[in-house]
Protein chains: 2
Amino acid sequence: MNNVCKLCNIKSKAAAKLKDEEIERLSFNCTMVKFVKGDAIIKQGAFSTNVAYLRNGLAKIHITGPYHEQLVRIVKAPCYLGLPTTFGDKINQYSVTAVDTAEVCFIDISAFRYLLKSNTDFTHEIMMELCRTELEVFYRCANRTQKQMRGKIADVLLEFSDKIFNTKYFNMPLTQEEIGNLVDVTRESVSRVLTEFEKDGIIKIRGRNIEIKKRESLLMISTKG
Amino acid sequence: MNNVCKLCNIKSKAAAKLKDEEIERLSFNCTMVKFVKGDAIIKQGAFSTNVAYLRNGLAKIHITGPYHEQLVRIVKAPCYLGLPTTFGDKINQYSVTAVDTAEVCFIDISAFRYLLKSNTDFTHEIMMELCRTELEVFYRCANRTQKQMRGKIADVLLEFSDKIFNTKYFNMPLTQEEIGNLVDVTRESVSRVLTEFEKDGIIKIRGRNIEIKKRESLLMISTKG
DNA sequence: ACAATATTGTGATACACATCACATTTAGAT
DNA sequence: ATCTAAATGTGATGTGTATCACAATATTGT
């Protein structure tokens, strides 16, 4: 699979720092796999032997909590998946599942380690990524534990609209159960809050399609939780 | 301040990988500060110009949440403080405060970056640390959002007994308000649950001193939360 | 097109914990 | 030793959301 990584136009910021020779090495130790919605990309409990890079699509990071599944966060391409669990442990400590069709590059962990050793700019970018995501998790956790359910559900809608799809109309790829697992609310409550938001004219729902009609209201609900 | 780092017997695992020349460089860019209970070691909102290494003592990582302060976790020496916020952002995204007397080494960030570039074994250890702590935060968050208050308070007691002090008798350095901020429970509820645990003979409380009398009961409460 | 499964909606009720106000005790400063 | 501030304890009440059971709708597979 020569030149694929060199010609790839969705390289990570870290991979962009690699020299030709290193890119070539990457190409020989990299395989691209396509996934459909619901496919497991990384499995909690399995051995971690690859670094996964989401080239396009959406995925969800989820773990088994003390009582039920917790959705840690939604990840949007392009980005590395599972860096903490790939390096932090020999066994995957969480799962990553495709939320719709996705393309993932799997890089052999030894080759990745070699690159970490040989290119300090690459390593620096990877470390930056680890730092940023850990900070993000802190804030997410504070929000999840302190906000009330309307605020949390408003956050979900704002995240899909503003950060994932960049549009006020979008097709919600998550079920209400999954939304509930993302913000620690039961699917019945998710249903009720979404219906309430529609009744209040804040959003419009047509099946899975959602339109944000009053973004300021959502922002207010998000803030006041 | 020569030789101090070389002679230090509480080096981090990462620092243990450094060569003599690198250790010397560290010594010239490192200063040790003592803190008392309540002192701010890292301040949310301030510029991050140093890497902090907790040589001994206890500290708490805390952030300002949407409604009130959240205690992210208690850290026990020896370990780096604030790596994610030091590298992830120019401004500290969270605070670290001494929970009792503590000694902290502050390392100039440029010197630290130099070491990251020059010693890949050092960098590898730092990355391992980042990965492990991110995974830990995921699990903490799942526990905080899914467990009920008795389970969470049982967890705190077990953590202080099993991981921080390594003894069934210990002096609780946190107020009930702080315990509440660590597990998202009001101080009134913390008071009630601790009293209940004492009434049930699970723990014995004498002022700030706590004795774990029925560890298995706490484990069960933790699990059944 | 149809059947099976998954997802969502809804109403009634229960539960877990927060909130509030105030009293009491403990710790720290002088 | 005393005073002040912080921390803790307590009772009553309210609130937010979960739970449960079931019906209705949507999606998927054949």
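- OP1 and OP2 of D:dT8 both lie 4.0 Å or more from every side-chain N or O belonging to B:Ser191.
- As a whole-Å value, the separation of A:Lys199 NZ from C:dT10 P is 8 Å.
- Under the 4.5 Å side-chain criterion, counting only non-hydrogen atoms from C-beta, B:His62 is not in contact with B:Asn181.
- Atom NE2 of A:His68 and atom C1' of D:dA18 are 10 Å apart (whole Å).
- One interatomic measurement links the two molecules: CD of B:Glu198 to P of D:dT8, which rounds to 14 Å at whole-angstrom precision.
- In this structure, a donor-acceptor pair under 3.5 Å is absent between the side chains of B:Thr97 and B:Lys37.
- Atoms CG (B:Asp184) and P (D:dG16) sit 18 Å apart, rounded to a whole Å.
- Close to C:dG9, at under 4.0 Å from its OP1 or OP2, lies a side-chain N or O of A:Gln176.
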Counting primed atoms, P, OP1 and OP2 as sugar-phosphate and everything else as base, the B/S/- map of nucleotides 19-28 of chain D against protein heavy atoms under 4.0 Å is BBBB------
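- When the P atom of C:dA18 is taken as reference, atom CD of A:Gln148 falls 11 Å away, rounded to whole Å.
- Going from atom CD of B:Glu177 over to atom C1' of C:dA27 covers 17 Å, rounded to whole Å.
- Using a cut-off of 4.0 Å between Lys/Arg side-chain N and Asp/Glu carboxylate O, A:Glu136 and A:Arg73 are scored as salt-bridged.
- For A:Ser12, the side chain to side chain contact (heavy atoms under 4.5 Å, CB included) partners at least two apart in sequence or on another chain are A:Ala14, A:Ala15, A:Tyr53, A:Tyr80.
- A:Thr145 and B:Gln70 are linked by a side-chain donor-acceptor pair at a separation below 3.5 angstrom, with hydrogens and angles left out of the test.
- Each of B:Leu194 and A:Val185 has a nearest nucleotide on DNA chain D; the 5'-most of these lies closest to B:Leu194.
- No side-chain donor-acceptor contact under 3.5 Å links A:Asn92 and A:Gln44.
- Rounded to whole angstrom, the span from the CD atom of A:Glu196 across to the P atom of D:dG16 amounts to 11 Å.
- Whole-Å rounding puts the B:Met149 CE to D:dT17 P distance at 17 Å.
- A heavy-atom distance below 4.5 Å is found between the side chains of B:Arg215 and B:Asp162.
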